[in-house]
Amino acid sequence: MLLGLAADLPTVRRDADGNTHPTALAVLFDVPIGLPWHQAYEGLTRSVLEVVGLSATRSVVANQTREQAAAPFRLPFDVVTTLPDQNELTAGVRRMLGNLLPNEVEYAVRVRPAPSALLTPTDPGDVLVTSTLDLLRSLPAMRSPAVPRLIVADDSDGRGSGLIQPDALPAGISVITFQPRVAADRTNFVLALLREFTHDLPLHEATATAVASLRDTDDVPLAYSLYTSASGLDRLRLSTAFEQFQERTRDLQRYLSVGAFAGPAALEAGVRSSELVDRAAGLVREARNNFMRESSGLSEMARAEAARAVAEPDLRAMEAAARAILRQPDLVDDLAATQHRRVNIWISEDLTQPSPLRFDEINERTALARGQTYNLNVGIGLHTPTDLVDPGTPPVDPILPPTPAEGHVLDVAVFSDSARIDGPAAQKLRLGRIGPTDPVTFRVRMPHRQSSRIRVLISFRQHIVQAFTLYVKLGAIETYSLEEPALRAELEFSRQSQLRDLDAVPPRLLCVAANEDSSRSTHRLMFGSSGESLALTETLVTSVRKEFRAQLADAFDHRDSDGSVDAGSFDRVVKSLARVGRDRWGSLYDDPGASDTYVEMLDRVSNAEHGTVQVLRLDHHFAFPWSALYDWRLPDTVRDMKNATVCRGRNGSTTCDCGPTTGGVCVRGFWGIRLVIEELMSRREVDECVDTVQGGLGSPAVLSTVGVTGDAWADAMVKHLAAELGEAGFEDLTAETPLLPRMWETGRRPAVLVVVGHLTKTPKPDEPPGTRIYIRAAERWLDTEGLREARRKRAPSRWTQPQRPIVLLLGCDTGSSGLDEVFSFVNSLTASGAAAIVATEEKIDTSLAGSLAATMVPALGTVGVGEGLRDWRAQLMAEGNPLGLLFTCFGSAEAHVPALAATSAGKQLQEATS
């Protein structure tokens, strides 16, 4: 067992001179019950360790003491001594910290005398230097928790250490007894011990290293004994002090975040800059936890703390002026408008876990240790030296609505298919009107593999605002990568425009992000505000899609001549779809690890009469029939299901009275009939939440291109749109007119593009090899290569607001269609800047395409594309046709075209007066 524990430790560690040493295993032993402790036990334990192969260079023996919780260690190292050599110790500390000014040394290491030889519990310090006999005399008066973290006891005569019983020591205390040969050894040992603490060594390694540095000419180390507990080993770690330093200096981090953008309002309010504060803030920002050098780490923190103390009066004056600004709304508005707060993500050591080796600084070059737990920190507007997010990442303020006085509350959720999130995977992040947030911290245990991928989703009212992926390289121990970054945070998705009108852009009922796991055999659904995730195997996703296709293909094959489905086939298909949809919804609901928040969230969706579910495809290939999920109760028995009458949801304009617990079969139980499903395609560049769309002044609002000839359904669609919208609102493209050049001419770009044509990937000698849709235009077909070339040749390559068109991509099946590749068209159109895209990744014909376009396009004057699609689906269901579930809305569900409402109103007025 001991050899196994030692094998899990890092093989070597480096000292201040760059030399490598074995990492030692701390072996704590208890005194046998009922027997007094004797130093012979130490020798016996050491002999056993030698026999199993753990030499003195690979292990340190310590006497087990009682555990006691203690406050985290913070600077300075407070050294209290009862011995007469305080001056020598003070001089040695100043030599060790020779790069600091005298007033700065006090913030790193402070040496002071004890009030008396008899120790008292008042102000015990961190390290007490005393004699063993004084320690024994003082033990009856020492009470936890008012005890030093460590006592260094000089046992020069060799009589005291044998009298110290581990169970007589106060809980939470550690003791080192040693026998110096000469007086200078005592001071040098304490100085060596302090130096090793500044290198962030745990107590047992710091002790062993300090002892080894004081060998005599015969190379015989000092005799010593160590008394400690498991927590006592880490009670004087400099990495803990660095975390406390960052907490204490957070106000200066705020100064850095806000002060640089204060603007004229701050000057008008009497806020003046301060060189003292500037210097202190700069030192805080530059401080690093580089534990292997006295010139950094400890010294940098001490220097920053000293500068902050000098700047304290100016800081208080600035706080008073800031409070005055907060009482003046106009000045607050000025400050808020000049902020550029972006997301910050960084990783730090988990100081609650014992660790034999903590790396100097976890930055982009640090490969993390397998199986180790780390803190993943997320904030907004902070200046952290190890931030992994690109400084050019879009800030969040332009995305969110104007910040109210009470601030915004965002949801931050962390997911991984390989790393384990210990504790809550979702937390609230409070963003005030001015200044940075306090960070939220997630504890992440790294897997035993070569790398890991972690997703960070930030959402606001169930809208996904930004999504990041953190790529992590792993090794046996923490290492520094010279060749390429070992930690990398990439922005996968970001909104751009502001979510100002939350009546027009309401909160989502649910936000889900879907990505492919690193194993590439499973997909993961990540529910943004709850932090819950669910893994779906590729096999399951494929089977669900096949079942969905099979059921709707059955309906497709039983259509009448007018395109409707006969009643018997409709009922059979809807019942089959409801059973499958209910099972898939049940797999979401019955997740064994689901929290109460997650279950309440799904219940809220089930009880909702309307609303929007937002799905972010981080994996563009993940096509899942969200519209076919069924979350209402079905009949309990097979007989009841067979005999149930399918409710079609509405009769004319009247909606049925069915609900989530009715127990029948109602089409409104399907998500796609009751709810808007908004699917977003992730993009590395920013994207806007589009509400209104307009076309160019030189184009009608709607442009269609129909690549099928002599088709009654397509011809009827064109005639209907022409009659509904008139010449000013509608144009059908001719075969001689190029489509793509027009789409990149701002003045001639339509607000809505309707594409109806056969979709195929069948190779033909005179056509491109990939998937394409035949259109009526000079190009003859539309493919992703053509879209890519159109973007490449024109600037700007991406359509911009407000002329970002809505595209109806209605590719009809020809038997060898490549429907699985429709996502490439959607991705290409999304990259081009389309506000929203309605498409299908399943089999349709021109009757469905024509019905959708003829019904939905005129409605876009008053409703968003998502609601227009949902309402058409619901109407189709009421008419006995389930095939509307085949269509998907990609992009902004609220995108609509006000000009269409004006066109319809003008046409009605013209008809009334003629």
Looking at [X] and [Y], would you say the former's side chain and the latter's main chain have a donor-acceptor pair under 3.5 Å?
X	Y	value
E104	L101	yes
S416	S418	yes
E67	A230	yes
R237	D200	yes
H204	L233	no

Taking the side chain as every heavy atom from C-beta outward, state whether [X] and [Y] have any atom pair closer than 4.5 Å.
X	Y	result
Y471	S452	no
S451	V472	no
V127	V80	no
M142	P148	yes
L150	F197	yes
I362	T386	no
D422	V444	no
V60	L25	no

Distance-only donor-acceptor check, side chains [X] and [Y], under 3.5 Å:
X	Y	result
T177	D155	no
T228	T65	no
D154	T132	no
Q165	Y227	no
T441	N375	no
R235	S231	yes
T373	R445	yes
T90	N87	no

Nearest 0.5 Å please: distance from the [atom1] atom of [X] over to the [atom2] atom of [Y].
X	Y	atom1	atom2	result
L28	L226	CG	CG	8.0 Å
E196	S213	CD	OG	7.0 Å
D167	Q64	CG	CD	11.5 Å
R443	D350	CZ	CG	4.5 Å
L194	T198	CG	OG1	8.0 Å
F245	R74	CZ	CZ	11.5 Å

Got a salt bridge between D85 and R186, using NZ or NE/NH1/NH2 to carboxylate O under 4.0 Å?
yes

Under 4.0 Å between a side-chain nitrogen and a carboxylate oxygen: does that hold for R248 and E305?
yes

Pick out which of V190, L203, I151 makes a side chain to side chain contact (heavy atoms under 4.5 Å, CB included) with I176.
L203

Please report the closest heavy-atom contact between [X] and [Y], naming both atoms and the distance.
X	Y	value
M96	L191	SD-O, 4.1 Å
L83	S131	CD2-N, 4.0 Å
G125	D78	CA-OD2, 3.4 Å
W346	G379	CZ3-N, 4.1 Å
L100	A302	CD1-CB, 4.0 Å
V147	A171	CG2-O, 4.3 Å

Around R94, counting heavy atoms of other residues, nucleotides and ligands shown, do more than 12 lie under 6.0 Å from its CZ?
no

Are F178 and V152 close enough, and set up right, to give a side chain to side chain contact (heavy atoms under 4.5 Å, CB included), and what steps lead you there?
CA-CA 8 Å; F178 72 107; V152 180; 3.6 Å; yes

Test applied, side chain to side chain donor-acceptor pair (under 3.5 Å); reference residue, D387; option that passes from N363, N377, N344:
N344

Determine whether F77 and L238 satisfy the following criterion, side chain to side chain contact (heavy atoms under 4.5 Å, CB included), listing intermediate values before the conclusion.
CA-CA 10 Å; F77 285 96; L238 194 64; 4.1 Å; yes

Within 45° of the axis and under 6.0 Å from the centre of the six-membered ring of Y480, does NZ or CZ of R365 qualify?
no

Check the pair L201, T209 against side chain to side chain contact (heavy atoms under 4.5 Å, CB included), reporting the backbone distance first and the verdict last.
CA-CA 9 Å; L201 295 185; T209 306; 4.0 Å; yes

Go through K473 and L487 one step at a time and tell me if the side chain to side chain contact (heavy atoms under 4.5 Å, CB included) criterion holds.
CA-CA 7 Å; K473 287 188 176 181; L487 294 174; over 6 Å; no

